[in-house]
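Here's the structure, in structure tokens; my notes come after.
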Amino acid sequence: MGGEKNVGQAKGGKAKAKTPRQRLSDKEGSSGGDAPRKSTKPNKERTKATAKSQRAEKVKVQKKVKAFKTESVESFDDVRFNLAVKEEPEDGDFAQEKRGKKRKRPEDEPMEGPSCSSATPMLNRKLKEKDEADPRTEKNTKEGIKKEKKPKKEEAEHPVTTKKKSKEEIEAAKALKIKKREEEEQQRWRWWEEDKYEDGVKWKFLEHRGPFFPPEYQHLPDNVNFYYNGKVVKLGLAAEEVALFFAQMLDHEYTTKDVFRNNFFKDWRKEMTLEERVLISDLNKCDFRELHNMHKEKVEARKAMSKEEKLVMKEANQKIVEEYGFCILDHHRERIGNFKIEPPGLFRGRGEHPKQGMLKKRIQPEDVIINCEKKSCIPEPPAGHHWKEVRHDNTVTWLASWTENVQGSCKYVMLNPSSKLKGEKDWEKYEVARRLKSCVNGIRQQYQQDIKSKQMETRQRAVALYFIDKLALRAGNEKEEGETADTVGCCSLRVEHLTLHDLLEDKDCVVEFDFLGKDCIRYYNKVPVTKRVFKNLKLFMKNKEPGDDLFDRLNTCLLNKHLSSLLPGLTAKVFRTFNASITLQEQLRQLSNMTDNPAEKLLSYNRANRAVAVLCNHQRVPPKTFDQSMANLQSKIDGRREQLALAKSELKLAKKEVQAHSSDSKLQAVVERKKKAVQRCEEQLMKMEVQATNREENKQIALGTSKLNYLDPRISVAWCKNMEVPLDKIYNKSQRDKFAWAVDMTGADFIF
DNA sequence: GAAAATACTTAGAATTCGTCTG
DNA sequence: CAGACGAATTCTAAGTATTTTC
């Protein structure tokens, strides 16, 4: 991999000009047709015009945008596009795809919830009660929980005092780990063996303790001062808290950006008292250095804590997790994903976000809606507070929600990826993708036909679908202008994001894409397309301004409506899932050999994974220490090479000795030992070389996102079985938990 | 029928953890 | 035995897609 690095930067960052359709509606009535969504936007035209030039300026500043060359996707294309229909996929019905028999759900009617008042161990206790009442889960859950507690206690009794670990101790620890893992496996809820609920119902019983609130702000110590214009200013609690948010970020690039600073200052002033506001009128005159230093010292102090202190902290955290981190969902104790209310701070939008630096306010219980079962023990709000609302909606999966003040969007407390609710959805997602596999040829034929349609809408839809399928682009919903960074997906592409080349680098009909996608990650790619697509693109771009929509007759709603008529459940993003998974499967087939050694097998897996990450444009900023650590590794490799050479010559010497002194058994043994040493050296060297290759290839590519969200885990599980690679070489603990369903149900014969 | 609200998945950055090494 | 480093985990922003509202 690698290839040319591309310079320059993504286009965009330009005010979106009106589409022809919008212009038309403007004609119809000056204020009618294209009314802004938010009535709080008067003078839209004028602000737009100025915004346009401002943004054009900004584009130049936008140097920070991560430049990245998307590896040509072509090599994967062939794979994906030659997917024959003849590969008969298994029957798509995912409910049917089970080994063994379905179990009946244990609880079909809501449970009796004894109304309890407070009680900390409520969840556990209750679970026990239920288990006693329900013999089916007794073995799995009750014992499991009891056992689970035990090792923790032991840990607490023998803290880190065991300094020198003897071999036996290490062994014992390992054994304990294995035992623990087995026990965990034992008590795992095998929901995939149960019947599904009727449509829309997500749970029958749900109980939890409500979200965990961050601690209240405490005033700064007296010796830490904020200065304005060189003079000490004692700020009130509210203003001081916000000042500290800024001070803590002083080392961050954010605080050098004008937008960030202005937004922060505006919102900070809102938190000030009248006197403070009168006094503090210029951010440049503010001196946060003492606050900043205090913060840094605190961080240092935390790092320097003794083991005992760290342990105390850890245990305190554990307690919070135990208490707030779990809920009971239909008889089972499930981990919650984000049970902590997001603490207040300064909004960190990605890229050129117009709202970066704004104050993200503290959430009070009065802002929070609780969702749980009516008969469950309703969570208590913190003392002296009340919830905004308590509702009992079992058609949704969230436990609590609140509205965030910066964007006005809703935030939810939901379950961990290892939970049934998330797992089931995930499984279903891959089943839809597999269904797409069985009919993708037909769909491809159809959109190729549609490209010739007389209807402009149909043509645009066909070309957009071609991109989504071929390049794994995201759908591209419309976004509210000025509220977020200027990013696009397929349907929201603008003329300025494409450059057409009749001939480029010996290829006909090349489209050069350059735009910012989700999270302001740049998508840059030069793709040869069919003549028909190329001609259509020319047509779509004719008589349009750079800022106009490429697909002016199309949006994601229309596209998805069409897709779901082709196959129920089909939407634009299914193509991404499907193409990612099929690419992994195909790459694994091509790259890996049973005869390879374990390190090589893993390298192949990572390469297949990487092919997908490249396809999906999953990037990362190369770690700051990348070059350094690469050099380190290289010098290690060099060192090992020398060692190997040395070992080899020693071996030679030893062999000579043996020849000279006939067969002295002692010398024979020496030879054997030297042989082993050489072998060991070779192995280690090889391992490190593979590691170096892998790391280099991963420099700016992030594998995690595709592994977690796009690759059917059953492909990986089956591969592990076929290649005799232990699963934990490719999935860490939380990945194994998330994909427990796949691990359990997949055999070596699985085909996506 | 468009806009807004809602619910949920996907995403990279930031932080924390654990272990290896000098 | 600290401290460097990579892996794992946490955090929350930013998408997609559907439903509700006007």
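The chains referred to below are lettered A, B, ... by the order of the sequence lines, with proteins before strands, and numbering in each begins at 1. The analysis underlying the following values was restricted to heavy atoms, covering all of them including side chains, and did not include hydrogens, waters or symmetry mates.
For A/Arg348 and A/Tyr254, the side-chain atoms include no donor-acceptor pair closer than 3.5 Å. Remark: the A/Thr487 side chain and the A/Lys479 side chain contain an N/O donor-acceptor pair separated by less than 3.5 Å. With hydrogens and angles left out, the side-chain atoms of A/Asn317 and A/Glu315 include no donor and acceptor closer than 3.5 Å.
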What does the list of N/O pairs under 3.5 Å between the protein and nucleotides 4-8 of chain C look like, with a distance for each?
residue, atom, partner, partner atom, Å
C/dG6, OP1, A/Ser629, OG, 3.0
C/dG6, OP1, A/Arg695, NH1, 3.0

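Atom-to-atom, NZ of A/Lys310 to C1' of C/dA2 comes out at 10 Å; the value is rounded to the nearest Å. For the pair A/Trp402 CH2 and B/dC8 P, the computed distance is 15 Å after rounding to whole Å. At whole-Å resolution of the value, NZ in A/Lys429 and C1' in B/dT9 are 7 Å apart. Between the P atom of B/dG18 and the CG atom of A/Asp728 lies a distance of 17 Å, rounded to the nearest Å. Following rounding to the nearest Å, A/Glu253 (CD) and B/dA13 (C1') show an atom-to-atom distance of 13 Å. With rounding to whole Å, A/Lys422 atom NZ is found 7 Å from B/dT9 atom C1'. Atom CD in A/Gln356 sits roughly 15 Å away from atom P in B/dA13 (whole-Å rounding). Going from atom NZ of A/Lys303 over to atom P of B/dG18 covers 17 Å, rounded to whole Å.
Nearest heavy-atom pair, A/Cys491 versus A/Leu554, reported as atom, atom and distance to 0.1 Å: SG-CD2, 3.9 Å. When all heavy atoms of A/Trp203 and A/Val396 are compared, the closest pair comes out as NE1-O, 2.9 Å. Here the closest heavy-atom approach between residue A/Phe260 and residue A/Phe347 is recorded as CE1-O, 3.8 Å. Contact record, A/Pro713 with A/Tyr430: CD-CE1, 3.6 Å, taken as the closest heavy-atom pair.
Looking at which nucleotide of DNA chain B each of A/Cys410 and A/Arg302 is closest to, the 5′-most match is held by A/Cys410. Annotation: of the two residues near DNA chain B, A/Thr403 and A/Leu708, the 5′-most nearest-nucleotide partner is A/Thr403.
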Nucleotides 12-22 of chain C: protein proximity per nucleotide (B base, S sugar-phosphate only, - neither; heavy atom, under 4.0 Å):
SSBSBBS----
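In this structure, the nucleotide among B/dT10, B/dA7, B/dA11 sitting nearest to the side chain of A/Thr705 is B/dA11.
OP1 or OP2 of B/dC8 sits under 4.0 Å from a side-chain N or O of A/Lys202. Between A/Lys425 and the phosphate of B/dC8, there is no side-chain N or O to OP1/OP2 separation shorter than 4.0 Å. Between B/dC8 and A/Tyr412, no contact under 4.0 Å exists linking OP1 or OP2 to a side-chain N or O. Between A/His618 and B/dT10 there is no side-chain polar atom (N or O) within less than 4.0 angstrom of OP1 or OP2. A close approach under 4.0 Å does not occur between any side-chain nitrogen or oxygen of A/Arg620 and OP1 or OP2 of B/dA11.
In this structure, A/Phe339 has its ring center at least 6.0 angstrom away from the ring center of A/Tyr324.
Looking at heavy-atom distances under 4.0 Å, A/Ser401 makes no contact with the nucleic acid at all.
Counting non-hydrogen atoms of other residues, nucleotides and ligands closer than 6.0 Å to NZ of A/Lys298 gives a total of 12 or fewer.
Applying the side-chain hydrogen bond (donor to acceptor under 3.5 Å, both in side chains) test to pairs two or more places apart or on separate chains, those with a residue in residues 389-398 of chain A are A/Glu389-A/Arg391, A/Asp393-A/Thr395.
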